[in-house]
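All ligand and atom numbering here is 1-based and tracks the order in the structure.
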Amino acid sequence: MNSEPHRVLPLNEPLALRCEQQLRERELAMGRPGAPPLMERAGWGAARLARALAPGARHVALLCGPGNNGGDGLIAARHLHQQGLQVSVHLIGGSPRTEANRHALAQAQGCGIACSLDLQIAPRADLVIDAMLGLGLRRPLQGEFQKAAALLAQHSGLRLALDLPSGLDANTGADWGAAPCDHTLSFLALSPGLFTGAGRQLGGTVWLDGLTDGTEPPWAHPPAAWLRGAEALTPWPEQGARGRWPHAGHKGTQGDVCILAGAMPGAAQLAAQAALEAGAGRVYVQGLAALNAVELMAAPAELPWLHNVFVAGCGWSEAQEERLANVLHQAKQLVLDAGALNAIAQSSALQRLLAARSSCAQETVITPHPLEAARLLGMDTSSLQADRLASAQLLADRLNCTVILKGSGSVVASPGQVPSLNSTGHAALASPGTGDVLAGWLAGLWTQSKKLAPHELAVLAVAWHGAAADLAPLGGGPLIASRLIQAMSTLHPHRACRLAPTTR
Ligand SMILES: NC(=O)C1=CN([C@@H]2O[C@H](COP(=O)(O)OP(=O)(O)OC[C@H]3O[C@@H](n4cnc5c(N)ncnc54)[C@H](OP(=O)(O)O)[C@@H]3O)[C@@H](O)[C@H]2O)[C@@H](O)CC1
Ligand SMILES: [K+]
């Protein structure tokens, strides 16, 4: 059966993300590189989606580059022209550089479509299709491409990018000068770059046309990453946790969490509250003079290292760092955030201790934001952000633990596993304390399901965190951390699965 474009989010199941090399190999496996019928199918899919997105459009402008991405655009132009729309094609970057583009251009011109070298996008175009550059992007946009991207960014009509917004790096999500688009239609499979770094900001609503006809061979390699989202939540209630306590269950059967507080009490209190709301049986806090919620308990003098999931680092200052070596030695299951991560970044002895934990059957999840992750890797933040997937994997391998690299398109990476990119949530989550909520929530889930692998647990917690933000009423402002906890605790997994994501 021939495929057709479908909307990617919200997810019904984990989706495989493919790097450029895998897409190129796939193209070879499915036919002659760049030649019809793959490009023909891509252009046809693009024309179909364009009509569906802008049914009332009369005038469509296409920006077509010299490679096969431009070829996709030229074929779409031909179909739209044949359907009676006014079509103008702007050739960016000079004459065709591929045989398939040359062929598509000749066909478009043969139909009487005006293909000009003029950069001005017709101001009355209701829809602009960006087919300048796709997988073949090799350097930042300059010259004509840069000017065309600037015009596209200012255009008031709907903007549809083919394969990728031109200037977005497919593998990393690095922005090399792309204009933001309202929609992106990807071909064959999805690229990681659409879902992390600048991808979510630039790609708008993402659509996929697998260009399949049911005769394709299976993919030769595991994906570069998995795209995950609210679909991760649906198996959770069946695991007997959160809201589904066994009938004879009680606080002692649900598992305990211990939060090690620091100089800033609010951070530990948020983490503790989140662990409680996530369904932990008992939540202890060590190091706070007063507890903000009557349900929380002061930790016993002798800490139950083997039976609790520990959270360390929320609101820590340097004064707390001395105890970290002991925590790394003793805690069986440990979530590390903020101050604890900064201490580890400064001490190779602590790094060794952390990396050695897994060989003692001790499990660790760390939850750095980009600056904390950059400190841990000894690099600057922009280098880290330039390839978030690779950076998170490097950190996971180096410290031998599960890493949640927060930010737009949070990455979950663990040694020896295919990393995941999270598709839920949006910028309203970037408010103070939401990281403490994530750390506490993660611990609260973990203590109820100690057999779940830390990687899967991290995927689940991050998806839950973001899905609650997707569901919360949109006021355009930040989501206050305490309200986030409420939203997370009232989120019904099946409802989350139907959420349309917010892209910007
Ligand atoms: N793979 C698949 O399965 C399928 C692929 N299909 C389509 O093919 C697309 C890939 O096509 P592609 O390989 O021809 O690359 P594309 O993005 O058109 O650009 C290459 C040209 O751009 C140039 N160039 C690069 N950077 C530049 C810059 N910053 N500024 C200016 N120029 C720059 C580069 O020049 P060079 O670097 O060689 O000097 C070269 O000439 C893919 O995205 C999809 O749309 C579908 O048809 C079917 C399924
Ligand atoms: K493009």
For Arg357 and Thr364, test the side chains for any donor-to-acceptor distance below 3.5 angstrom and give the result as yes or no.
yes
Please walk me through it: do Thr196 and Arg388 pass side-chain hydrogen bond (donor to acceptor under 3.5 Å, both in side chains)?
CA-CA 7 Å; Thr196 197; Arg388 287 169 49 80; 2.8 Å; yes
Enumerated ligand 1 atoms positioned under 4.0 Å from heavy atoms of Pro140
29 (N)
Could you tell me if Arg139 sits above the aromatic ring of Trp176, with its cationic atom closer than 6.0 Å to the ring centre and no more than 45 degrees from the axis?
no
Contacting atoms of ligand 1, where contact means under 4.0 angstrom from a heavy atom of Leu137:
25 (C), 26 (N), 29 (N)
Closest heavy-atom contact between Gly409 and Leu421?
O-CD2, 3.6 Å
Compare every heavy atom of Leu91 with every heavy atom of Cys115, then report the nearest pair and how far apart it is.
CB-CD1, 4.1 Å
Quick one: look at Arg26 and ligand 1, take heavy-atom pairs under 4.0 Å, and tell me if it's side chain, backbone, both or neither.
neither
Write down the atom of Leu23, the atom of Phe187, and the distance for their closest heavy-atom approach.
CD2-O, 4.3 Å
Scan residues 110-119 for pairs that pass side-chain hydrogen bond (donor to acceptor under 3.5 Å, both in side chains), counting only residues two or more places apart or in two chains.
none
If you measure every N/O of Gln142 against every N/O of ligand 1, is any gap under 3.5 Å?
no
Ligand 1 contacted by Leu162 (non-hydrogen, < 4.0 Å)
no
Between Ala170, Gly143, Gly134, Ala161, which one has a non-hydrogen atom sitting closest to atom 17 (O) of ligand 1?
Gly134
Got a salt bridge between Arg102 and Glu99, using NZ or NE/NH1/NH2 to carboxylate O under 4.0 Å?
yes
Run the numbers for me: atoms of ligand 1, each under 4.0 Å from some heavy atom of Leu188, listed by number.
2 (C), 3 (O)
The number of protein N, O or S atoms lying under 3.4 Å from the K ion (ligand 2) is 6
Region of Leu133 that comes within reach of ligand 1 [heavy atoms, distance under 4.0 Å]
both
Taking only residues two or more places apart in sequence or in another chain, which ones pass salt bridge (charged side-chain N to carboxylate O under 4.0 Å, His left out) with Arg24?
Glu20
Given that the side chain starts at C-beta and the backbone is N, CA, C, O, which of these parts of Leu135 lies under 4.0 Å from ligand 1, counting heavy atoms, or is it both or neither?
both
Close-contact set for ligand 1 against Met39 heavy atoms, below 4.0 Å:
47 (O)
From the candidates Gln146, Arg97, Glu27, the one that places a heavy atom nearest atom 1 (N) of ligand 1:
Glu27
Residue Asp72 vicinity, atoms of ligand 1 by number, heavy atom under 4.0 Å:
6 (N), 7 (C), 44 (C), 45 (O), 46 (C), 47 (O)
Is it the side chain, the backbone, both or neither of Asn69 that has a heavy atom closer than 4.0 Å to ligand 1?
both
Heteroatom proximity flag, Leu38 to ligand 1, N/O under 3.5 Å:
no
Less than 4.5 Å apart, any side-chain heavy atom of Leu389 and any of Asp387?
yes
Is any side-chain N of the basic residue among Glu40 and Arg78 closer than 4.0 Å to the acidic one's carboxylate O?
yes
Output side-chain donor-acceptor pairs under 3.5 Å for residues 44-54, partner residues at least two apart or in another chain, one line each.
unit_1, atom_1, unit_2, atom_2, d
Arg48, NH2, Glu4, OE1, 3.4
Arg51, NH1, Gln83, OE1, 2.9

Looking only at non-hydrogen atoms, find the nearest pair between Ala468 and Leu484 and report the distance.
CB-CD1, 4.2 Å
